[in-house]
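Here the structure comes first, spelled out in structure tokens, and everything after it is commentary.
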Amino acid sequence: MENKKIEEKWQKYWDEHESFKAETGSDKKPYYILVEFPYPSGSGLHVGHVRSYTAQDAMARMMRMQGYNVLFPMGFDAFGAPAEQYAIKNHIHPKEAIAKNIVTFKNQMKTLGFSFDWNREFSTTDPEYYKWTQWQFLKFYEHDMAYKATVPVNWCPNCKTVLSNEDAAGGVCERCGTQVVQKEKSQWMLRMSDYAEDLLKGLDDTNFAEKVKLGQINWIGKSIGAEIIFKVDGCNEEFTVFTTRCDTLFGATYCVLAPEHKLVDIITTEEHKKEVADYKHACSLKNDLERTELNKDKTGVFTGAYAINPVNNNKIPIYISDYVLASYGTGAIMAVPAHDERDYDFAIKFNIPIIQVLEEETGKKANNETKKNSIVAILYDEKNDKYLTINWHELGGRLFIGGTIKENETPLECAKREILEETGYENFELVHELSKINHHYYAYNKDKYFNIESTGFLFKLIDNEKVEQNLDEDEKFDIEWVTKEVIEKEITDELHKKTFEYAIKPGAMVGDGIHINSEFLNGLNKDEAIAKMLEFLEENKCGNKQVNYKMRDWIFSRQRFWGEPIPMIYCEKCGWVPMDEKDLPLLLPDVAEYEPTDTGESPLAKITDWVNTTCPKCGDAAKRETDTMPNWAGSSWYFLRFMDPHNTKEFASMDALKYWNKVDWYNGGMEHTARHLLYARFWVQFLYNIGLVPNKEMIWTRVSHGMVLGSDNQKMSKSKGNVINPDDIVKEFGADTLRTYELFMGDYELDCPWNTDSLKGCKRFLDKVIRLKDKVIEGNEYSKDLETIINKSIKKVEYDLTHMGYNTAISTLMILTNKYEEQEHITREDYHLLLTLLNPIAPHTTEELNEELGYKPLCETSWPKYDEEKTIDKEKKIGVQVNGKTRAAIKVAIDEDIELTKEKALNENNVKKHIEGKEIIKIIVLPGRIVNIVVK
RNA sequence: GCCCGAGUGGUGGAAUGGUAGACGCGGCGGACUCAAAAUCCGUUGGUAGCAAUACCAUGUCGGUUCAAGUCCGACCUCGGGCACCA
């Protein structure tokens with residue numbers, strides 16, 4: 001068969017017969033399958049697009065045959081930076097470049113036979129479409145969901161342009177490599193953070209894959225905690241901090257304000273003014289990346305002011321540091337170095353006291369415990385990189401030096417005394433005192449349960465001078481210097497193990513434990529203490545429970561040309577005035593220059609004819625907003641437009657929206673499951689709240705696919721030279737071969753490398769299917785011998801095509817084909833069945849063969865039904881195990897008597913061999929599945 | 001650092017807790033051919049053995065179970081996302 005001719009023939013047929021047209025309002029059950037629309041770049045369709053489009057296409061084709069009214073649309077997401085860059089370089093209007101690319105994309109999609117309903121196609125750059133994007137922006141504005149705010153942006157001083165975070169990756173301008181700085185700019189914002197809780201709750205009304213839900217949850221970043229008010233000592237000021245660990249308030253030893261915090265200049269004392277000003281200035285020069293990635297080392301300065309800890313009235317110093325972000329929480333924190341890593345680092349660097357208020361708990365709690373205080377001392381010999389241990393042999397294994405604190409003795413004195421007594425070493429110095437641990441244990445020699453508060457110490461050996469050990473008779477142990485590895489292997493006591501962990505990696509204890517040094521919280525664990533502290537704060541009016549979200553408002557302005565113009569007008573007299581709805585769309589002007597201006601404004605700012613207008617409110621001269629919308633805007637509601645794409649009165653009618661109800665199945669890349677999906681859900685929820693869409697969530701299932709990698713297992717890229725062009729493959733092997741291979745290559749949800757050899761195997765498979773036609777004889781029923789495998793295959797393919805098991809659907813069809821091949825003859829109906837099942841995957845070849853057979857086109861026939869009874873094998877080979885090891889296989893009939901199966905199993909020679917001379921304890925028989933004989 | 005995901009033959013990958021390696025690629029041997037391509041037949045996890053078969057084998061180490069690639073715990077490696085979010 002000649003691929004090209006057949007492919008074109010059927011593509012033409014589908015086009016002319018509008019075979020895939022979705023009918024809004026049809027009586028058939030609607031089903032909406034959506035695959036992310038592409039950005040029509042100059043390089044054409046990627047084999048990755050082909051994989052996901054083919055997968056959804058197969059599903060759509062099958063479901064149509066099953067009688068669904070399937071909406072499977074396609075369009076183009078064509079605003080954005082690449083087209084603009086291309087325009088700047090070549091002085092072509094992006095509109096023209098995009099139009100050309102769309103033609104290429106569409107042709108490519110057609111040659112692959114995707115069953116999109118092309119009647120519904122649009123591009124986000126069509127004025128008929130972006131008119132409604134602008135209209136929706138006006139709705140946001142009308143409902144006070146859009147506002148102007150001054151926010152810092154990435155600024156390249158060389159290019160004089162604002163950069164997106166992506167373009168400023170690594171802190172340098174992507175284009176010229178200049179250091180990016182932060183600059184304040186007035187931007188349009190959408191109040192997305194108001195929707196944080198609804199976006200979180202809404203997930204319950206979706207069927208998103210679990211990992212997708214998690215991505216959304218993480219992005220929203222809800223944290224429950226408390227706000228606590230700190231008064232500033234000696235003046236009337238106060239500030240509020242946010243914390244998730246109000247239980248550690250007794251351990252707060254300082255506070256930090258973000259450098260941008262309003263109070264900083266007010267509370268800074270005279271002698272610290274210069275230092276603080278200098279620090280603030282230095283921070284303003286840093287961009288986000290320097291403040292985070294490049295600069296984990298803590299910096300900061302003291303303001304000279306003190307805050308009052310509301311729980312104990314302690315005076316604690318107030319610092320400013322850029323590790324506290326102005327944009328999260330209240331822009332101020334209480335610092336608890338003992339129980340927060342960042343605070344710990346800062347406290348160590350600035351020599352601020354560390355107060356432990358939580359003890360980690362080890363061992364098992366028991367009743368009737370006797371309390372005592374003790375120490376664990378670790379002595380380290382730097383020269384030999386070894387630690388001093390005591391080997392109690394069978395009496396207690398290997399431990400460090402330990403002991404009980406005597407009356408009138410500090411823990412440190414106790415530790416020093418124990419080292420001297422037990423080992424004789426006398427010259428050593430303290431390195432660290434470690435966090436206290438609350439340990440439970442049972443002492444066999446005393447038959448008593450103990451609960452001890454253990455203080456750990458790390459000492460460094462100075463020299464080997466020793467005195468005579470002062471030992472009791474019954475103390476039988478050896479003193480041994482050992483390496484870290486030996487300790488990790490041989491010290492099993494929980495307390496000593498934990499102490500060693502603290503010793504080699506000092507830091508904050510951030511886990512749960514038992515509160516100490518915390519008055520009314522002492523003895524409580526973390527959750528209990530949080531609850532109790534919240535009570536205290538509220539009673540004393542110095543704090544309350546508070547929820548915070550990482551998600552911020554959406555910065556909606558771009559200083560770009562190629563985007564939807566924001567339909568707002570600035571009037572000196574009236575301020576920001578929205579455009580009149582009837583004047584939409586506000587078209588992008590035709591110009592020849594797309595370079596941003598020197599001031600970082602959009603290129604639109606230079607087009608005075610366009611910018612200058614009149615105020616819709618007072619009629620005076622006014623200016624248009626020259627910023628445009630982000631790329632995310634158009635893609636936040638395109639799936640709604642597909643439901644009613646030609647509506648000129650509304651973005652989509654409520655009737656159409658209600659008919660289709662939701663996107664039933666939405667497939668896209670993992671990279672879009674966080675942001676795009678969140679923006680789209682936010683947009684929809686807003687439309688729902690103002691009564692314009694029927695559901696709060698308009699997307700039911702969201703799934704994602706893996707990437708198609710180059711044959712070198714690397715992401716395909718021109719520079720790596722590993723790019724596969726789908727056109728070449730179609731030309732050489734045919735569209736159906738490419739389609740089959742892309743689905744067969746591997747697990748659809750995982751990345752998979754390209755392999756042209758494997759592709760050839762798929763061609764072989766299709767050729768085999770074609771050759772089968774020579775075996776066809778008359779017959780309107782399935783061959784008797786093939787009934788079971790046919791029914792099984794229908795069931796399996798049907799399941800797999802709706803559960804992303806595309807590769808196993810194809811392997812099922814390969815097995816069926818191989819089975820057919822073994823036959824002398826197959827009936828016309830056998831063959832028709834195979835062609836029907838294969839049709840969603842390889843539509844051209846199967847349509848052609850089907851036509852030769854004399855049937856009406858497959859796209860107009862219905863999906864075969866299977867008979868559950870006939871999917872079950874009458875006879876099956878099952879394994880026989882002895883003690884879980886497979887020793888033989890037997891054939892069993894369906895519904896065979898268990899006793900008979902047992903007998904057969906026991907009669908197998910190899911089974912006999914393995915049970916010979918042994919006692920049979922039991923025989924497990926799962927009919928039709930397994931026999932396991934347990935012997936002793 | 002945190003959150004996901006993944007580790008199975010030479011290779012892409014299959015396996016509702018039940019004969020691990022389906023299906024495909026590649027390899028090897030053979031048929032057809034003057035030859036090649038295409039096609040067909042056989043074989044193909046490792047070790048030992050003529051064979052029957054035995055042992056080993058799903059990243060590592062433990063555990064649960066009659067039975068673990070699959071469930072639980074600890075860890076290692078790779079990929080992705082987030083990253084001073086208090």
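Because only heavy atoms are used, hydrogens play no part in the values below, and waters and symmetry mates are left out as well, while side chains stay in. Every chain is numbered from 1, with letters handed out A, B, ... down the list of sequences.
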Margin query: Per the salt bridge (charged side-chain N to carboxylate O under 4.0 Å, His left out) rule, what does the pair list look like for residues 752-764 of chain A, sequence neighbours excluded?
Written below: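 Qualifying pairs: A:Asp757-A:Lys760, A:Lys763-A:Asp767.
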
For the pair made of [atom1] in [X] and [atom2] in [N], what is the distance, rounded to whole Å?
{"X": "A:Phe744", "N": "B:A22", "atom1": "CZ", "atom2": "P", "value": "12 Å"}
{"X": "A:Trp754", "N": "B:C25", "atom1": "CH2", "atom2": "C1'", "value": "14 Å"}
{"X": "A:Asp767", "N": "B:G24", "atom1": "CG", "atom2": "P", "value": "14 Å"}
{"X": "A:Lys922", "N": "B:U65", "atom1": "NZ", "atom2": "P", "value": "11 Å"}
{"X": "A:Asn909", "N": "B:A52", "atom1": "CG", "atom2": "P", "value": "14 Å"}
{"X": "A:Leu759", "N": "B:G24", "atom1": "CG", "atom2": "C1'", "value": "12 Å"}
{"X": "A:Lys876", "N": "B:G18", "atom1": "NZ", "atom2": "P", "value": "11 Å"}
{"X": "A:Lys796", "N": "B:A14", "atom1": "NZ", "atom2": "P", "value": "10 Å"}

Note to self: Within the supplied structure, the quantity of interest is the number of heavy atoms (other residues, nucleotides, ligands) at a distance under 6.0 Å from A:Glu238 CD; does it exceed 12?
What the structure shows: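 Counting other residues, nucleotides and ligands, CD of A:Glu238 exceeds 12 neighbours.
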
Select base, sugar-phosphate, or nothing to describe what [X] touches, counting heavy atoms under 4.0 Å on all strands.
{"X": "A:Asp747", "result": "sugar-phosphate"}
{"X": "A:Asp751", "result": "sugar-phosphate"}
{"X": "A:Thr812", "result": "nothing"}
{"X": "A:Gly221", "result": "nothing"}
{"X": "A:Ile333", "result": "base"}
{"X": "A:Asn818", "result": "sugar-phosphate"}

Next item on the list: Name all pairs fulfilling the side chain to side chain donor-acceptor pair (under 3.5 Å) condition that reach into residues 916-936 of chain A, sequence neighbours left out, sorted by first residue then second.
Entry: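 Sorted result for residues 916-936 of chain A: empty, none.
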
Under 4.0 Å from OP1 or OP2 of [N]: is there any side-chain N or O of [X] that close?
{"X": "A:Thr808", "N": "B:A22", "result": "no"}
{"X": "A:Tyr328", "N": "B:A86", "result": "yes"}
{"X": "A:Asn807", "N": "B:A22", "result": "no"}

Can you name the atoms? Protein N/O to nucleotides 53-56 of chain B N/O, anything below 3.5 Å, with the distance.
from, atom 1, to, atom 2, distance (Å)
B:U53, O3', A:Asn910, OD1, 3.4
B:A54, OP1, A:Arg887, NH1, 3.1
B:A54, OP1, A:Asn910, ND2, 3.1
B:A54, OP1, A:His914, NE2, 3.3
B:C55, OP1, A:Arg887, NH2, 3.4
B:C55, OP2, A:Arg887, NH1, 2.9
B:C56, OP2, A:Lys885, NZ, 2.9

Please produce a list of atom pairs where a protein N or O lies less than 3.5 Å from an N or O of nucleotides 1-6 of chain B.
from, atom 1, to, atom 2, distance (Å)
B:C3, O2', A:Asn218, ND2, 3.1

Next item on the list: May I ask you to decide whether A:Lys280 forms a salt bridge with A:Glu260, counting only side-chain N to carboxylate O separations under 4.0 Å?
Entry: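 No salt bridge links A:Lys280 with A:Glu260.
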
Restricting to salt bridge (Lys or Arg N to Asp or Glu O under 4.0 Å), what partner residues turn up for [X], sequence neighbours left out?
{"X": "A:Asp343", "result": "none"}
{"X": "A:Lys902", "result": "A:Glu899"}
{"X": "A:Lys904", "result": "A:Glu896"}
{"X": "A:Lys498", "result": "A:Glu360, A:Glu501"}

If pairing requires Watson-Crick or G-U wobble contacts with both distances under 3.5 Å, which nucleotide is the partner of [N]?
{"N": "B:A86", "answer": "none"}
{"N": "B:C78", "answer": "B:G5"}
{"N": "B:A68", "answer": "none"}
{"N": "B:A22", "answer": "none"}
{"N": "B:C40", "answer": "B:G30"}
{"N": "B:U16", "answer": "none"}
{"N": "B:A51", "answer": "none"}

Note to self: Less than 4.5 Å apart, side chain to side chain, heavy atoms only: is that true for A:Tyr195 and A:Trp554?
What the structure shows: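 No, their side chains stay 4.5 Å or more apart.
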
Notebook entry, point to check: Is the gap between the ring centers of A:Trp219 and A:Tyr549 under 6.0 Å?
Noted result: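 Judged by ring-centre distance (under 6.0 Å), A:Trp219 and A:Tyr549 do not meet the cut-off.
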
Note to self: Checking A:Lys715 against A:Asn722: is there a side-chain donor and acceptor pair closer than 3.5 Å?
What the structure shows: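 A:Asn722 vs A:Lys715: no donor-acceptor pair found between side chains.
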
Check: So how far is it from A:Ile348 CD1 to A:Ile354 CD1, rounded to the nearest 0.5 Å?
Finding: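 The CD1 atom of A:Ile354 is 4.0 Å from CD1 of A:Ile348, to the nearest 0.5 Å.
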
Notebook entry, point to check: At what distance, to the nearest 0.5 angstrom, does OG of A:Ser811 lie from CZ of A:Phe765?
Noted result: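 If we round to the nearest 0.5 Å, A:Ser811:OG and A:Phe765:CZ are 9.5 Å apart.
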
So which nucleotide from [options] ends up closest to the side chain of [X]?
{"X": "A:Ala889", "options": "B:U19, B:C82, B:C84", "answer": "B:U19"}
{"X": "A:Cys752", "options": "B:G12, B:A86, B:C66", "answer": "B:G12"}
{"X": "A:Asp757", "options": "B:C84, B:C25, B:G13", "answer": "B:C25"}

Next item on the list: For A:Ser711, enumerate each residue passing the side chain to side chain donor-acceptor pair (under 3.5 Å) test, keeping only those at least two apart in sequence or located in another chain.
Entry: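 A:Ser711 satisfies side chain to side chain donor-acceptor pair (under 3.5 Å) with no other residue.
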
Note to self: A:Lys545: which residues meet the side chain to side chain donor-acceptor pair (under 3.5 Å) condition with it, sequence neighbours left out?
What the structure shows: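 Listed in chain order: nothing, the list is empty.
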
Can you pull every protein N or O that's under 3.5 Å from an N or O on nucleotides 67-71 of chain B?
none

Note to self: Heavy-atom nearest nucleotide on RNA chain B for A:Ile930 versus A:Ala332: which residue maps closer to 5'?
What the structure shows: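 In this pair, the answer is A:Ile930.
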
Next item on the list: Name the residue closer to the 5' end of RNA chain B, choosing between A:Arg552 and A:Pro753 according to the nucleotide with the nearest heavy atom.
Entry: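 Here A:Pro753 is the residue nearer the 5' end.
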
Set out, line by line, the N/O atom pairs under 3.5 Å between protein and nucleotides 40-43 of chain B.
from, atom 1, to, atom 2, distance (Å)
B:C40, OP1, A:Arg771, NH2, 3.2

Item checked: Nearest-angstrom distance, P atom, B:C72 to B:U65 ->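 Rounded to whole Å, the distance is 16 Å.
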
Margin query: Can you check the distance between B:A14 and B:A22, where both ends of the measurement are the P atom (answer in whole Å)?
Written below: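 Pairwise P distance, B:A14 against B:A22, rounds to 13 Å.
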
Item checked: Side chain A:Lys298 and base B:C84 donor-acceptor under 3.5 Å ->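 Yes.
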
Check: So among A:Lys211, A:Glu36, A:Met804, A:His672, which one has a side chain to side chain contact (heavy atoms under 4.5 Å, CB included) with A:Ser704?
Finding: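 Running side chain to side chain contact (heavy atoms under 4.5 Å, CB included) over A:Lys211, A:Glu36, A:Met804, A:His672 with A:Ser704 returns exactly one hit, A:Lys211.
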
Next item on the list: Apply the ring pair (Phe, Tyr, Trp, His ring centres under 6.0 Å) test between A:Phe350 and each candidate in A:Tyr319, A:Tyr344, A:Tyr323; give the one that qualifies.
Entry: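 The residue from A:Tyr319, A:Tyr344, A:Tyr323 that satisfies ring pair (Phe, Tyr, Trp, His ring centres under 6.0 Å) with A:Phe350 turns out to be A:Tyr319.
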
